[in-house]
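First comes the structure, then the notes that go with it.
Just so you know, these numbers come straight off a predicted model, no measurement behind them.
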Amino acid sequence: MSSSDTALLDRSVQMRELLAGRASGALGVLLLLVGVAYSSITFAPLVDPLGLTLWAGAFALVFLVWTPILLLPFFRTPPDAEIARLWLPLLRSLAFIANALTAASVWLFLPVADADLRGLMTALYIWFIVVQLMAETRASGMSHSATVLVTGSLALYELFNPRPYSIALALFLLVFAASMLAFRRLLRRTTLDAIRARLLAERAGAQLDLALRESEAQRDAITRFLAAASHDLQQPVQAASLFFDRAIDAAMTPDRDRAIDGARRAFASTQALLGDMLDHLRFESGVTAAGPVALGPLFAEIALEHEARADQAGVAILIAPTRAVAHADPIALLRILGNLVVNALAHSGTDRLLIGVRRSGNRLRIHVIDCGHGIAGDPARLFDGEPATAVRPGHYGLGLPSSRRAARAMGGDLEIEPRWRRGACFILQLDAVPTTPRAPQADEGQPCKAA
């Protein structure tokens with residue numbers, strides 16, 4: 001797992017722990033409210049009214065802001081980014097202020113308390129630290145400041161107000177603080193390890209489910225492909241069989257020669273079809289033989305191959321001249337671009353189709369652009385469909401999902417420009433092979449602009 005993945009996992013763990021602990025956090029705040037109310041009522045006749053009013057008023061403001069933050073997850077679960085950016089810093093600030101006010105109350109209450117009341121308040125302070133420890137999460141980090149501030153304030157008060165056993169009590173408070181901090185660290189580690197293990201299990205389950213769905217989709221696609229291929233293979237094989245029968249039955253040499261020539265053509269067609277099928281299965285498995293491919297001649301070959309279909313559809317295929325050389329598998333590249341052209345001729349309703357390339361750094365961006373009626377729905381879902389169907393009997397192209405896989409197997413990618421509105425703009429990205437230096441063309445280095 002990379003460092004970025006680990007950081008994202010740790011953040012998810014902290015946010016999950018924070019949301020999971022919202023009930024205990026709300027309970028801790030409620031108990032703190034009870035403690036503040038009890039202390040205010042108990043010490044009202046004993047301490048300076050102004051000091052008590054300021055202390056209780058500050059706590060009231062803290063509770064006023066704290067309450068909606070704690071209640072928010074019960075009504076709406078904020079996203080992790082919102083929690084980390086807004087709510088968590090505010091929660092930490094409020095917790096620190098509450099802990100500082102609790103530590104300050106030591107110097108407000110204990111000087112006017114008798115021995116019994118001092119003992120009770122010391123027990124309440126220790127109880128306050130334990131409650132903080134129960135309600136704390138790693139993300140909020142409340143108990144650390146509570147332990148340090150409150151026990152430190154108590155220890156200092158005992159040292160500055162010596163009585164029998166004051167030093168022993170101060171030492172006990174310091175040891176208690178160290179023990180609570182160690183226990184806090186152990187508790188946090190155990191909790192976070194459990195949450196991390198649960199998140200990893202959930203992610204592994206999701207990845208396994210995705211892999212199973214992809215495997216089932218590929219299995220179904222291969223089944224359909226083999227069914228279509230078997231149907232197409234039957235035609236040349238049956239033709240060869242008929243030609244052989246005719247050659248055997250022919251009495252005249254010219255008839256026999258024509259039958260033998262027909263059988264040879266049928267076997268050549270079968271061999272070509274088997275080659276197409278093997279290439280298709282090779283691309284589906286991500287195996288490519290990449291090398292330098294001159295794009296200009298390849299574009300011309302694609303235009304020539306689909307010229308008859310384009311004329312029949314009333315579409316003009318326009319080729320932008322280029323001397324760019326891509327690092328690609330020539331057969332895979334021919335199939336990918338051929339599939340994009342066939343899709344545009346069959347489905348776009350366009351009258352013009354442009355094939356061109358632009359350089360962007362060390363990458364080439366091959367554009368296949370039509371000015372038809374565009375893509376209905378979410379264009380990104382085009383790459384979630386089923387791979388590979390026969391574009392015509394005896395010739396197998398690549399579907400868009402398979403085309404993207406073949407492009408990525410060559411170190412590139414296939415995407416659709418979402419900003420394009422007047423038709424569709426498919427972009428195939430490939431690594432560029434350095435060529436002879438020349439003056440850059442006016443359009444090189446520019447992205448595909450939305451119409």
Problem set entry | With F63 via ring-ring contact (aromatic ring centres under 6.0 Å, His included) - residues at least two apart | F59
Nearest-0.5 Å distance that lies between atom [atom1] in [X] and atom [atom2] in [Y]:
X	Y	atom1	atom2	value
T102	I97	OG1	CD1	11.5 Å
L333	F299	CG	CZ	7.5 Å
L101	F96	CG	CZ	10.0 Å
Q207	E202	CD	CD	12.0 Å
C425	E415	SG	CD	9.0 Å
L154	F176	CG	CZ	10.0 Å

Exercise. With L353, which of I319, V368, L340 fulfils side-chain contact (heavy atoms from CB on, under 4.5 Å)?
Worked result: V368
Problem set entry | salt bridge (Lys or Arg N to Asp or Glu O under 4.0 Å) involving D351 - partner list, sequence neighbours excluded |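 D351 satisfies salt bridge (Lys or Arg N to Asp or Glu O under 4.0 Å) with no residue once adjacent residues are dropped.
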Exercise. Should we count CZ of R352 as having more than 12 external heavy atoms under 6.0 Å?
Worked result: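 Incorrect, the count does not exceed 12.
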Exercise. Within a radius of less than 6.0 Å around CG of N362, do more than 12 heavy atoms belonging to other residues, nucleotides or ligands occur?
Worked result: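 Count not over threshold, so no.
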For this session: Test side chain to side chain contact (heavy atoms under 4.5 Å, CB included) on M410 and L430 and set out the steps.
Result: CA-CA 8 Å; M410 295 186 292; L430 295 171; 4.0 Å; yes
Problem set entry | By side chain to side chain donor-acceptor pair (under 3.5 Å) - contacts of S153 (at least two apart) |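 Checked S153 against side chain to side chain donor-acceptor pair (under 3.5 Å); matches are W107.
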